[in-house]
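No hydrogens, no waters, no symmetry mates; every other heavy atom, side chains included, goes into these values. Residue numbering restarts at 1 for every chain, and letters A, B, ... go by the order of the sequence lines.
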Amino acid sequence: MSQIVTRFAPSPTGFLHIGGARTALFNWLYARRFGGTFLLRIEDTDRERSTEAAVEAILDGLGWLGLDWDGEAISQFARAARHREVAHQLLASGGAYRCYASPEDLEDMRRKARLEGKPMRYDGRWRDRDPAQAPPGVAPVIRLRARQEGETIIDDKVQGKVVFANKDLDDLVLLRSDGNPTYMLAVVVDDHDMGVTNVIRGDDHLTNAARQTQIYQALGWDIPVWAHIPLIHGPDGAKLSKRHGALGVDAYRAMGYLPAALRNYLVRLGWSQGDKEFFTTDEIIAAFDLSAIGRSASRFDFAKLENMNGHFMRAMSDDELYKALIATLPHLPGGAEFAAKLDDHRRAQLRAAIPGLKERAKTLVELLDGAAFLFAERPLPMDEKAADILAQGGRAHLAALLPKLETLVEWSGPAAEAVVRAYAEAESVKLGAIAQPLRAALTGRSTSPGIFDVLTVLGREESLGRIEDQARL
RNA sequence: GCUCCCAUCGUCUAGCGGUCCAGGACGUCGCCCUCUCACGGCGAAAACAGGGGUUCGAGCCCCCUUGGGAGCGCCA
């Protein structure tokens with residue numbers, strides 16, 4: 001088997017959205033699976049809409065997702081001369097011809113086609129016309145002299161065999177009148193020159209594959225193996241657009257998702273291996289194959305992503321998770337302010353709190369939120385539920401408990417627990433009746449990690465201070 | 001309109017003619033665990049779009065209908 005070469009070819013007209021990320025992932029996986037090469041090509045031939053910022057966003061997004069490409073990213077625009085060369089080569093061989101039809105002519109064709117209920121098709125008026133008849137002063141385009149009879153067959157790894165009648169495919173433009181290549185030409189030339197063996201992309205390109213096949217044939221080049229994967233839809237089943245769901249991958253980072261979780265989720269959207277849901281990246285690489293990809297579009301479901309992310313967080317070691325949180329801080333809402341407050345003491349507290357926190361968080365955002373009590377300053381603001389707990393007899397318990405806690409020689413979870421339990425027993429109340437007021441006083445909320453863990457992480461001085469603040473009111 | 005693709009629980013999916021009165025996961029709802037919230041455990045409700053064939057037998061094959069989607073540019 002020859003060496004596999006795949007590529008991801010985004011156009012830098014905006015951020016890297018989730019659909020593009022999945023396409024990149026599949027290409028990356030396929031290359032990694034078969035020991036091949038994964039290339040990146042920026043399709044920046046549309047100078048009007050391409051921006052440097054978008055290129056940056058795409059590279060950043062791929063980097064964050066862990067999809068490393070081989071070699072330098074290639075700029076399609078920089079290869080325009082080569083595209084022109086190929087167009088002229090085709091012209092010389094008779095595989096293409098100059099077309100002098102004006103935009104108005106084309107508009108007429110379009111109108112007529114619509115009137116007759118037919119799809120717009122270039123009528124080939126210059127296909128066999130003597131160029132001597134060219135109207136003066138009109139810059140021609142170069143069109144492919146496509147086969148008009150027979151069929152063009154796409155043997156697709158995902159879609160199966162798809163047949164297009166050549167009569168339905170017209171003579172596409174290869175080179176614009178301004179001398180710039182079209183996407184169709186550029187893709188074929190670049191994929192060929194880059195040695196791309198497998199083209200994996202969204203199935204919105206399926207009909208393009210037929211047109212590109214014709215170009216390959218005219219050039220006498222080998223046709224790559226096609227794999228057109230189904231698109232992702234938004235939660236409501238409609239096409240993923242900026243209105244709903246089609247966020248840039250940076251947004252997913254800001255929502256606190258882990259790259260490994262997002263990869264797992266994305267690959268399971270359309271690809272499966274029996275009932276297995278969770279995969280390490282190595283497992284996916286080992287198991288991935290195009291033949292297991294379904295052909296129907298799927299919806300993006302945040303609930304499942306979130307659940308999956310929670311699994312990944314819990315599966316991580318405390319150290320890894322801690323590092324991931326710190327590294328992601330600049331991207332999380334409120335993360336920058338949080339980072340500013342991080343001194344050595346607080347880093348240690350945060351690290352110590354991770355085991356209790358990670359059971360309760362599905363995203364890094366939730367993890368950060370759960371850690372908020374560590375950084376709260378006395379006197380703590382109480383949320384509504386916490387205030388309720390304290391108002392309904394909680395304060396009295398705290399006042400009674402405080403001196404007992406103050407006598408503790410050794411400040412530890414088990415020691416504090418012994419005191420609290422003894423007190424609850426003496427008062428003939430359930431542990432919860434004491435734990436909840438404590439929680440309220442210590443965190444300002446009605447939910448938190450185990451209360452004895454909180455006591456430990458906060459330390460003696462801060463804990464007693466917070467309890468006293470509430471006991472005194 | 002034309003061409004092409006698709007169709008199993010709300011969602012992602014398993015199923016490659018009999019072992020499926022359809023399995024798993026998320027979500028939902030109970031119960032258990034329990035200092036709260038989570039986690040975890042147990043359990044429940046929940047689907048083969050409809051209609052024709054083919055076959056001894058169809059979720060799996062064929063056709064039609066319906067419903068989704070994509071493409072039809074001198075955009076990519």
Taking atom P in both B:A49 and B:A22, what distance in whole Å separates the two? 15 Å
Exercise for review: Mind checking A:Val420 for me? I need base, sugar-phosphate or nothing, with any heavy atom below 4.0 Å counting as a touch.
Suggested key: nothing
query = Do A:His397 and A:Tyr423 have side-chain atoms, one donor and one acceptor, less than 3.5 Å apart?
reply = yes
Please confirm whether any donor atom in the side chain of A:Arg295 sits under 3.5 Å from an acceptor in the base of B:C6, or the reverse. no
task = Using a 4.0 Å heavy-atom cut-off across all strands, classify A:His205 as base, sugar-phosphate, or nothing.
result = base
* Any N/O donor-acceptor pair, A:Thr207 side-chain to B:C72 base, under 3.5 Å -> no
Between B:A47 and B:G1, how far is it from one C1' atom to the other, in whole Å? 34 Å
Atom pairs under 3.5 Å: protein N/O with N/O of nucleotides 25-28 of chain B:
{"unit_1": "B:A25", "atom_1": "O4'", "unit_2": "A:Glu277", "atom_2": "OE2", "d": "3.3"}
{"unit_1": "B:A25", "atom_1": "N3", "unit_2": "A:Lys304", "atom_2": "NZ", "d": "3.0"}
{"unit_1": "B:C26", "atom_1": "O3'", "unit_2": "A:Asn307", "atom_2": "ND2", "d": "3.3"}
{"unit_1": "B:C26", "atom_1": "O2'", "unit_2": "A:Lys304", "atom_2": "N", "d": "3.3"}

When rounded to whole Å, the CH2 to C1' distance for the pair A:Trp271 and B:A14 reads 13 Å
Any donor-acceptor pair under 3.5 Å linking the side-chain atoms of A:Arg201 with those of A:Thr23? no
Closest to the 5' end of RNA chain B, once A:Asp170 and A:Asp203 are matched to their nearest nucleotides, is A:Asp203
Whichever of A:Asp46 and A:Ser446 has the more 5' nearest nucleotide on RNA chain B, that residue is A:Ser446
A:Asp44 and A:Ser75 side chains, donor-acceptor separation under 3.5 Å | yes
### Task
Scan A:Ser298 against the nucleic acid and name what it touches under 4.0 Å (heavy atoms): base, sugar-phosphate only, or nothing.
sugar-phosphate
Using a distance-only test with no angle check, is there a side-chain donor-acceptor pair under 3.5 angstrom linking A:Gln76 and A:Asp190? yes
Whole-Å distance, A:Tyr122 OH to B:C72 P, equals 19 Å
Verify whether one side chain among A:Asn309 and A:Thr363 offers a donor that lies under 3.5 Å from an acceptor in the other. no
(message) Classify A:Ala101 by what it touches in the nucleic acid, base, sugar-phosphate, or nothing, heavy-atom distance under 4.0 Å.
(response) base
For B:C39, does the base pair up with any side-chain atom of A:Arg314 as donor and acceptor (N or O, under 3.5 Å, distance only)? no
Indicate, with a heavy-atom threshold strictly under 4.0 Å, whether A:Asn208 touches base, sugar-phosphate, or nothing. base
In whole angstroms, the gap separating P of B:G24 from CD of A:Gln273 amounts to 18 Å
**Item:** C1' spacing across the pair B:U34 / B:A25, given as an integer number of angstrom
**Value:** 26 Å
Under 4.0 Å, heavy atoms only, any strand: does A:Leu269 hit a base, just the sugar-phosphate, or nothing? sugar-phosphate
Does A:Asp156 pair with A:Lys161 as a salt bridge, N-O distance under 4.0 Å? no
* **Nearest-angstrom distance, C1' atom, B:U13 to B:C60** => 16 Å
Rounded to whole Å, the CD1-P distance (A:Ile389 to B:C35) equals 15 Å
Side-chain atoms of A:Gln436 come closest, of B:A14, B:U36, B:C4, to B:U36
Nearest-Å distance once atom P is located in both B:G50 and B:C9: 10 Å
Using modelled atom types only, decide if a donor and an acceptor are shared between the side chain of A:Arg22 and the backbone of A:Ile18 within a distance under 3.5 Å. no
(message) Under 4.0 Å, heavy atoms only, any strand: does A:Arg49 hit a base, just the sugar-phosphate, or nothing?
(response) base
At under 4.0 Å between heavy atoms, what does A:Pro449 touch on the DNA or RNA strands: base, sugar-phosphate, or nothing?
-> base
Among the nucleotides B:U36, B:C4, B:A70, whichever has the atom closest to the side chain of A:Asp204 is B:A70
Review point. Aromatic rings A:Tyr216 and A:Trp226: how do their planes relate, parallel, tilted or perpendicular, breaks at 30° and 60°?
Key: perpendicular
To the nearest angstrom, the CG-P distance between A:Asp190 and B:A76 comes to 12 Å
Review point. At under 4.0 Å between heavy atoms, what does A:Val141 touch on the DNA or RNA strands: base, sugar-phosphate, or nothing?
Key: base
Can you classify the ring geometry of A:Phe278 versus A:His311 as parallel (below 30°), tilted (30 to 60°) or perpendicular (above 60°)? tilted
Rounded to whole Å, CD of A:Gln159 lies from C1' of B:A70 at a distance of 10 Å
Original post:
If you measure from the P atom in B:U3 to the same atom in B:C56, how many Å do you get, rounded?
Top reply: 36 Å
Can you check nucleotides 42-51 of chain B for protein contacts, nitrogen or oxygen pairs under 3.5 Å, and list what you find?
none

Rounded to whole Å, the CD1-C1' distance (A:Ile154 to B:C5) equals 13 Å
Would you check if there is a donor-acceptor pair between the side chains of A:Arg263 and A:Thr281 at a distance under 3.5 Å? yes
A:Tyr183 has its side chain closest, among B:A76, B:C4, B:C12, to B:A76
Problem - Distance between P atoms of B:C35 and B:G23 (Å, rounded) - result: 37 Å
- Can you find a side chain N or O atom of A:Arg439 that sits less than 4.0 Å from OP1 or OP2 on B:C37? no
Any base atoms under 4.0 Å from A:Arg47, or only sugar-phosphate, or nothing? Heavy atoms, all strands. nothing
Remember a base hit wins even if backbone is also touched, and classify A:Gly202 as base, sugar-phosphate or nothing at under 4.0 Å, heavy atoms. nothing
**Prompt:** Taking the six-membered ring for Trp, is the centroid-to-centroid distance between A:Phe300 and A:Tyr252 below 6.0 Å?
**Reply:** yes
A:Glu48 CD to B:G73 C1', in whole Å, measures 16 Å
- Item | Sugar-phosphate, base or nothing in reach of A:Leu231, heavy atoms under 4.0 Å | sugar-phosphate
In A:Arg143, A:Arg145, A:Arg211, A:Arg127, the residue satisfying salt bridge (charged side-chain N to carboxylate O under 4.0 Å, His left out) with A:Asp171 is A:Arg127
Checklist line | C1' gap between B:U54 and B:C62, integer Å | finding: 7 Å
message = So that I can tick it off, tell me whether A:Arg445 and A:Asp369 are bridged by a salt bridge, with the cut-off set at under 4.0 angstrom between side-chain N and carboxylate O.
response = yes
ask   = When we call it a touch if two heavy atoms are under 4.0 Å apart, what does A:Ser11 touch: a base, just sugar-phosphate, or nothing?
value = sugar-phosphate
